[in-house]
Amino acid sequence: MRMTARPQNVHQARLLRLLRDEGPRSRAELGEVVRLSRSKLAVELDRLVELGLVEGAGLAASRGGRRSGIVRLSPRLRFVAFDIGATSIDVAVTDGALEVLGHVSEPCDVRQGATVVLDRALDLLGKLRDEGLIPQVHGTGIGVPGPVSFRDGMPVVPPIMPGWDRFPVRDAIGQELGCPVLVDNDVNLMALGELHAGLARSVDDFLLVKIGTGIGCGIVVDGAIYRGVSGSAGDIGHIRVDDDGPMCACGNAGCLEAFFGGAALARDAEAAARSGASPQLAQLLEAHGRLSGEHVATAAAAGDPAAVQIIREGGRHVGQVLAGLVSFFNPGLVIIAGGVAGLGHTLLAEIRSVVYRRSAPLATGNLPIVLSELAGAAGVVGGARLISDHVFSYS
């Protein structure tokens, strides 16, 4: 096992994050930002060069005197991200600046259990390694679709992940790859991805709502993920919407997820198809044997009234919960993401309508509610951001 080099003081950590987020900079520019003397800055940068974390990259344009040297992150830095969803796995490798160098994915049912799914993720990583993209792994960030003890690096009683409860994901992958590993809820990784490369780059306080097989919310406060005391903050899919509602996978009745998660959407779509309420969905069910959010979107785009109504009803329920969150948290931005978010602007319009109507005007007066533009990349970029924050930190 090779130990990953880490900054040895807060100045080095700040320099690494600055180079990651802002790109190569001259020594003069770095000195102005971090407010270190020229001699002190030289000492810190020289040590980072010795550690293999940064390197010189030529000379900057003259500013009227001696030309300053440009510094950049080492091009040999590599971070790995595993974004494990309920029905798929995405694996990516990035450089130190979190630019994605390779990204592979495949369908995979998380209910197969931790050992099977993680072995598949490692196999996918092997494909990227075979392409010569990974000389060394400096850190790995992993997202899973359930509650996570961030401190312990493991899922805890995840409703849609049988066989994963308290499985030591962090330790298992860390031993396999020989690098630092962090494990978090997949929605938190998506929020970090938006913070780094998406619509939230200039927003310090925002919510990311993922609507997929499950429903969750990433909460970003002052530019950092808020996880709560035990790591369960943002588990909005299990907020009760109706005491008399359908049963949820968590064992309770009437949860938001039971009304509009992926399984609920398929249930309502198939009911509409079989009852004769939707000829369009009936045709799709006959052709495919089962229905998904993608089929509902297809039917709605064709003008099918029942499909449009299913989307609007789901958006209304999401909007109900989100209106309470907006009034409580007062975010600067709300991003809607996830597979079911692919239902598009019909869904978004309903969510906006409910939130803007139910939340206080002061909270919604300048509140954008938007669809994510990162699609499947948010989780893997967020996984790389998560582990790079750790590797580029000093404690």
Side-chain angles (χ1 to χ4, degrees), residues 1-81 92-101 129 132-142 150-151 153 170 173-175 177-182 192 195-197 201 222-225 381-395:
M1 179 184 293
R2 294 180 60 183
M3 295 296 293
T4 296
R6 300 279 300 278
Q8 298 175 333
N9 59 48
V10 293
H11 301 304
Q12 293 176 12
R14 190 176 177 199
L15 288 165
L16 288 170
R17 293 192 185 202
L18 184 62
L19 291 169
R20 177 195 67 187
D21 297 339
E22 304 295 335
R25 287 290 182 270
S26 71
R27 288 178 176 245
E29 290 172 325
L30 290 172
E32 291 170 0
V33 174
V34 299
R35 296 185 178 181
L36 293 177
S37 68
R38 184 178 299 178
S39 60
K40 176 63 173 172
L41 178 67
V43 168
E44 303 300 359
L45 288 175
D46 289 348
R47 183 56 183 146
L48 289 174
V49 170
E50 292 173 10
L51 291 170
L53 295 171
V54 306
E55 67 176 24
L59 296 175
S62 174
R63 301 169 66 179
R66 183 178 177 184
R67 295 170 68 188
S68 178
I70 294 175
V71 180
R72 67 181 181 186
L73 291 175
S74 169
R76 293 176 293 280
L77 283 170
R78 294 292 184 271
F79 296 117
V80 166
V93 58
T94 78
D95 61 14
L98 311 191
E99 290 294 325
V100 176
L101 304 176
R129 197 187 295 272
L133 296 174
I134 314 173
Q136 179 188 353
V137 179
H138 295 85
T140 301
I142 302 174
F150 187 70
R151 180 191 62 194
R170 181 190 63 201
I173 299 300
Q175 184 174 5
L177 299 182
C179 67
V181 175
L182 291 178
L192 283 173
L195 183 67
H196 184 80
R201 277 173 292 189
D222 198 21
I225 293 291
V381 172
R385 169 66 183 254
L386 175 73
I387 194 61
S388 72
D389 280 347
H390 173 71
V391 172
F392 292 167
S393 66
Y394 172 76
S395 58

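Considering only heavy atoms from C-beta on, Glu55 comes within 4.5 Å of Pro75 through its side chain. A 4.5 Å side-chain heavy-atom check between Leu73 and Asp95 finds every atom pair outside the cut-off. No side-chain heavy atom of Val391 sits under 4.5 Å from any side-chain heavy atom of Ser393. The shortest distance between side-chain heavy atoms of Gln8 and Leu51 falls below 4.5 Å. Between Ser74 and Leu53 there is no side-chain heavy-atom pair separated by less than 4.5 Å. Within the 4.5 Å cutoff, the side chain of Leu182 has heavy atoms near those of the Phe150 side chain. For the pair His390/Leu386, no side-chain contact is recorded, criterion being any heavy-atom separation below 4.5 Å from C-beta on. In this structure, Leu98 and Ser388 have side chains that are in contact, with non-hydrogen atoms separated by less than 4.5 Å.
Looking at His138, its side chain does come within 3.5 Å of a backbone N or O of Arg78 through a donor-acceptor pair. For the pair Glu29 (side chain) and Ser26 (backbone), a donor-acceptor distance under 3.5 Å is present. Although no hydrogens or angles enter the test, the distance criterion places no donor-acceptor pair under 3.5 Å between the side chain of Arg20 and the main chain of Phe392. Without hydrogens or angle criteria, Arg25 side chain to Glu22 main chain gives a donor-acceptor distance under 3.5 Å.
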### Task
Decide side-chain contact (heavy atoms from CB on, under 4.5 Å) for Val54 and Arg72; before the verdict, give the C-alpha distance in whole Å, the side-chain angles of both, and the deciding distance to 0.1 Å.
CA-CA 6 Å; Val54 306; Arg72 67 181 181 186; over 6 Å; no
### Ile225 vs Leu192, side-chain contact (heavy atoms from CB on, under 4.5 Å): CA-CA, chis, key distance, verdict
CA-CA 7 Å; Ile225 293 291; Leu192 283 173; 3.7 Å; yes
### Task
For Arg129 and Val137, run side-chain contact (heavy atoms from CB on, under 4.5 Å): C-alpha distance rounded to whole Å, both residues' side-chain angles, the deciding distance at 0.1 Å, then the answer.
CA-CA 10 Å; Arg129 197 187 295 272; Val137 179; 4.2 Å; yes
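For the residue pair Thr140 and Cys179, the shortest heavy atom distance occurs at OG1-SG, 3.5 Å. The two residues Tyr394 and Ala13 make their nearest non-hydrogen contact at N-CB, 3.9 Å. Closest approach of Leu195 to Gly223, counting heavy atoms only: CD2-O, 3.3 Å.
Atoms CG and CD, from Leu45 and Glu50 in turn, are 11.5 Å apart once rounded to the nearest 0.5 Å. The distance from atom OG1 of Thr4 to atom CD1 of Ile387, rounded to the nearest 0.5 Å, is 8.0 Å.
In terms of the side-chain hydrogen bond (donor to acceptor under 3.5 Å, both in side chains) criterion, residue partners of Arg385 (sequence neighbours excluded) are, by chain and number, His196, Asp389.
Paired with Glu44 under the rule side chain to side chain donor-acceptor pair (under 3.5 Å), one option of Arg14, His11, Gln12 passes, and it is Gln12.
In summary, Lys40 and Asp46 do not engage in a salt bridge, as defined by a charged side-chain N under 4.0 Å from a carboxylate O.
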